[in-house]
Amino acid sequence: MEKQLNGKVALVTGGTTGIGLATATELAAQGAQVFITGRRQAELDAAVAAIGGNAAGIRADASVLADLDDVYAQIAKRAGKLDILFANAGGGDMLPLGAVTEEQFDRIFGTNVRGVLFTVQKALPLLVDGASVVLTGSTVSIQGTANFSVYSASKAAVRNFARSWALDLKDRAIRVNVVSPGPIRTPGLG
């Protein structure tokens with residue numbers, strides 16, 4: 001039986017746990033060649049082993065542009081194209097308004113907004129016409145959540161990226177969508 005994604009190449013950033021790992025596992029099960037990124041080599045290696053033979057890991061921090069350049073250089077060399085991009089790397093923590101720090105703001109917006117923007121932008125030369133781009137948003141992007149304002153604002157930006165980029169990329173028939181889950185229990189969330 002032919003698998004639905006045979007011959008397709010996918011990248012899942014933040015693919016070592018939670019939604020990213022589950023998505024990468026399903027993409028590989030459907031026949032895609034899957035690249036995942038993660039910041040920690042041990043977790044990256046474990047995720048690649050769990051996903052199986054169609055997976056390769058690339059150590060990268062989505063908020064570091066040089067790391068993204070390396071990710072796309074490796075994909076270009078090993079696969080030559082990208083059919084599916086799941087910009088999933090992200091995170092956040094809870095602090096009340098009076099306790100928000102510059103470091104917290106920069107870290108969350110660095111990964112969740114800056115990282116997502118440049119993850120997609122730097123993928124453009126590899127994305128085939130008709131490709132799919134999926135961004136991980138959150139339910140908090142449309143509702144207030146006490147002590148979670150910085151994370152919520154970052155995910156609202158992601159939601160708007162999807163709306164705007166769908167228009168920017170329509171001439172190439174590249175679909176851009178955002179998924180907005182509620183809390184997902186991962187090692188970072190507890």
Side-chain angles (χ1 to χ4, degrees), residues 5 8-30 32-41 43-48 50-52 54-65 67-68 70-72 74-75 79 82-93 107-124 126-127 131-141 148 150-163 165-166 169 174-189:
L5 297 178
K8 303 292 184 182
V9 178
L11 169 62
V12 178
T13 64
T16 59
T17 62
I19 293 170
L21 179 57
T23 301
T25 301
E26 182 60 25
L27 291 168
Q30 291 297 323
Q33 178 183 1
V34 179
F35 293 91
I36 63 168
T37 67
R39 292 176 293 150
R40 293 174 293 281
Q41 193 65 49
E43 287 87 346
L44 187 60
D45 293 342
V48 168
I51 295 165
N54 286 345
I58 304 170
R59 200 220 56 79
D61 181 329
S63 68
V64 177
L65 300 189
D67 284 5
L68 292 173
D70 182 54
V71 167
Y72 292 120
Q74 288 192 45
I75 293 171
L82 201 53
D83 300 284
I84 302 164
L85 171 59
F86 186 23
N88 174 67
D93 44 38
R107 179 174 33 82
I108 292 171
F109 267 73
T111 301
N112 296 356
V113 180
R114 182 177 189 263
V116 169
L117 169 71
F118 290 108
T119 293
V120 175
Q121 182 191 68
K122 289 177 175 288
L124 291 175
L126 285 174
L127 286 169
S132 294
V133 173
V134 180
L135 314 177
T136 300
S138 173
T139 57
V140 301
S141 69
F148 223 25
V150 175
Y151 176 80
S152 299
S154 74
K155 291 302 184 172
V158 168
R159 186 182 75 241
N160 198 280
F161 279 164
R163 291 174 176 164
W165 294 344
L169 299 172
I174 295 175
R175 295 171 306 282
V176 182
N177 292 288
V178 63
V179 294
S180 295
I184 302 295
R185 196 159 299 286
T186 62
L189 184 61

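What you see is a predicted model, and the numbers here were worked out from it, not measured in a lab. Numbering starts at 1 and runs along the sequence shown. These numbers come from the heavy atoms of this one structure, side chains and all, not from hydrogens, waters or symmetry mates.
- A donor-acceptor pair is defined here as one N or O able to donate and one able to accept, closer than 3.5 Å; no such pair exists between the side chain of Ser141 and the backbone of Gly137.
- Under the 4.5 Å side-chain criterion, counting only non-hydrogen atoms from C-beta, Thr119 is in contact with Leu68.
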If you apply the rule side chain to side chain contact (heavy atoms under 4.5 Å, CB included), what do you find for Arg114 with Val116, and how did you get there? CA-CA 6 Å; Arg114 182 177 189 263; Val116 169; over 6 Å; no

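- Between Ser154 and Ile108, the closest heavy-atom pair is OG-CG2, 3.7 Å.
- For the pair Leu126 and Ile75, the minimum side-chain heavy-atom distance is below 4.5 Å.
- Considering OG1 of Thr13 and CD1 of Ile36, their distance stands at 10.5 Å, rounded to 0.5 Å.
- Residues Asn112 and Lys155 meet the side-chain proximity criterion, which asks for heavy atoms closer than 4.5 Å.
- Side-chain atoms of Thr37 come within 3.5 Å of backbone N or O of Gly14 as a donor-acceptor pair.
- Here the side chain of Ser132 pairs no donor or acceptor atom with the backbone of Arg175 at under 3.5 angstrom.
- Considering only heavy atoms from C-beta on, Val133 stays 4.5 Å or farther from Asn177 through its side chain.
- Using a distance-only test at 3.5 Å, with no hydrogens or angles considered, no donor-acceptor pair links the side chain of Asn88 to the main chain of Val12.
- A search for ring pair (Phe, Tyr, Trp, His ring centres under 6.0 Å) contacts involving Phe161 returns Trp165, not counting sequence neighbours.
- The closest side-chain heavy-atom distance from Thr136 to Val158 is not below 4.5 Å.
- At a threshold of 4.5 Å between non-hydrogen side-chain atoms, the residues Phe86 and Val179 count as touching.
- Remark: Tyr151 pairs with Phe148 by the ring pair (Phe, Tyr, Trp, His ring centres under 6.0 Å) rule, at least two apart or across chains.
- Ion pairing of Asp67 with Arg59 is present here, as a side-chain N (NZ or NE/NH1/NH2) and a carboxylate O approach within less than 4.0 Å.
- With sequence neighbours excluded, the residues satisfying side chain to side chain contact (heavy atoms under 4.5 Å, CB included) with Asp45 are Gln41.
- The side-chain heavy atoms of Phe35 and Val71, taken from C-beta on, include no pair separated by under 4.5 Å.
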